[in-house]
Amino acid sequence: MKLTERYKGSMVDERNLENIATEMQLQVLLPTEILVNESVVKIIAEAENGSFCLLPRHIDYVAALVPGILSFYPTGRGEHFAALDEGILVKCGRDVYVSTLNGVCGTDLDQLEALIKERFLDLDEHERKARTALARLEAGTLRGFRELQDKIS
């Protein structure tokens with residue numbers, strides 16, 4: 001069966017059949033924003049079992065990503081990068097979705113490294129403060145239970 005026959009009767013005309021087979025739509029989603037929304041021809045990511053490459057005609061795929069660099073090649077442009085925290089990648093047809101808590105984009109690895117240090121170190125400081133506050137609350141709660149137990153005894 002020819003590709004034109006497969007899509008006969010759908011919303012796709014013959015001029016767009018080439019794009020279906022040669023591009024993917026990449027979206028990198030953070031909780032508060034869409035970090036990347038690009039047509040790409042190639043994606044390289046890293047999962048727990050190693051790096052992998054996605055091309056437009058590859059089979060649908062799901063992977064748990066480890067913290068690292070996602071490389072992607074926008075249509076007609078050079079390599080771009082996104083530094084990501086751990087997350088999930090889902091390829092379904094020509095759509096590729098990456099969902100992660102933290103991420104930054106860049107075209108230069110040195111620039112990206114500086115952005116990572118700036119954003120993620122700030123995040124580490126906020127996490128440290130939140131954990132300290134939580135530890136104080138836990139200690140206060142335990143102290144209250146202990147005092148209540150002493151009063152009952």
Side-chain angles (χ1 to χ4, degrees), residues 1-4 6-7 9-142:
M1 176 185 289
K2 291 182 178 178
L3 195 56
T4 54
R6 179 187 291 171
Y7 291 101
S10 69
M11 300 287 288
V12 179
D13 64 57
E14 286 189 41
R15 293 171 297 188
N16 292 328
L17 286 177
E18 186 178 319
N19 290 338
I20 289 174
T22 60
E23 292 181 354
M24 299 174 286
Q25 186 64 35
L26 172 64
Q27 287 191 343
V28 178
L29 308 168
L30 303 179
T32 57
E33 67 179 302
I34 297 175
L35 186 65
V36 176
N37 188 8
E38 299 259 359
S39 290
V40 299
V41 294
K42 182 178 179 181
I43 300 168
I44 300 172
E46 187 175 352
E48 291 179 0
N49 57 346
S51 294
F52 61 93
C53 174
L54 290 175
L55 296 172
R57 292 185 180 177
H58 282 179
I59 191 165
D60 292 352
Y61 189 74
V62 176
L65 301 179
V66 296
I69 302 292
L70 175 83
S71 300
F72 57 97
Y73 296 80
T75 306
R77 294 185 287 164
E79 186 175 25
H80 285 64
F81 304 100
L84 305 176
D85 200 351
E86 57 190 16
I88 299 292
L89 178 142
V90 177
K91 180 184 186 302
C92 184
R94 68 178 294 264
D95 297 320
V96 180
Y97 301 99
V98 176
S99 180
T100 183
L101 288 176
N102 301 310
V104 291
C105 276
T107 55
D108 179 31
L109 286 175
D110 293 331
Q111 173 195 29
L112 194 59
E113 183 179 3
L115 284 171
I116 291 169
K117 287 180 181 176
E118 177 185 320
R119 288 199 187 173
F120 291 174
L121 290 180
D122 281 347
L123 185 63
D124 288 344
E125 180 66 21
H126 291 295
E127 283 182 15
R128 189 185 61 74
K129 287 179 181 178
R131 287 183 183 162
T132 301
L134 183 61
R136 286 183 186 144
L137 285 171
E138 288 173 349
T141 303
L142 290 174

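Heavy-atom basis, side chains included; hydrogens, waters and symmetry copies ignored.
- Residue pairs meeting the ring-ring contact (aromatic ring centres under 6.0 Å, His included) criterion with at least one member in residues 65-96, sequence neighbours excluded: Phe72-His80.
- The side chain to side chain donor-acceptor pair (under 3.5 Å) search around Thr100 returns none, not counting sequence neighbours.
- Residues satisfying the salt bridge (charged side-chain N to carboxylate O under 4.0 Å, His left out) criterion with Glu38, sequence neighbours excluded, are Arg77.
- With sequence neighbours left out, Asn37 forms a side chain to side chain contact (heavy atoms under 4.5 Å, CB included) with Gln25, Gln27, Ile34.
- With sequence neighbours excluded, no residue forms a ring-ring contact (aromatic ring centres under 6.0 Å, His included) with Tyr97.
- Lys91 contributes no side-chain N or O that, together with a main-chain N or O of Met24, makes up a donor-acceptor pair within less than 3.5 Å.
- Residues passing the side chain to side chain contact (heavy atoms under 4.5 Å, CB included) test with Thr75 are Glu23, Ser39, Val41, sequence neighbours excluded.
- With sequence neighbours excluded, the residues forming a side chain to side chain contact (heavy atoms under 4.5 Å, CB included) with Cys53 are Lys42, Ile44, Leu55, listed by chain and number.
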Which donor-acceptor pairs under 3.5 Å do the side chains of residues 103-111 make with protein atoms, sequence neighbours left out?
none

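- Under the rule for a side chain to side chain contact (heavy atoms under 4.5 Å, CB included), the partners of Leu134 that lie at least two apart in sequence or sit in another chain are Glu138.
- Taking Ser51 as the reference, nothing meets the side chain to side chain donor-acceptor pair (under 3.5 Å) condition, with sequence neighbours excluded.
- Separating the CG atom in Leu101 from the OG1 atom in Thr32 is a distance of 10.0 Å, to the nearest 0.5 Å.
- Partners of Glu86 by side chain to side chain donor-acceptor pair (under 3.5 Å), not counting sequence neighbours: none found.
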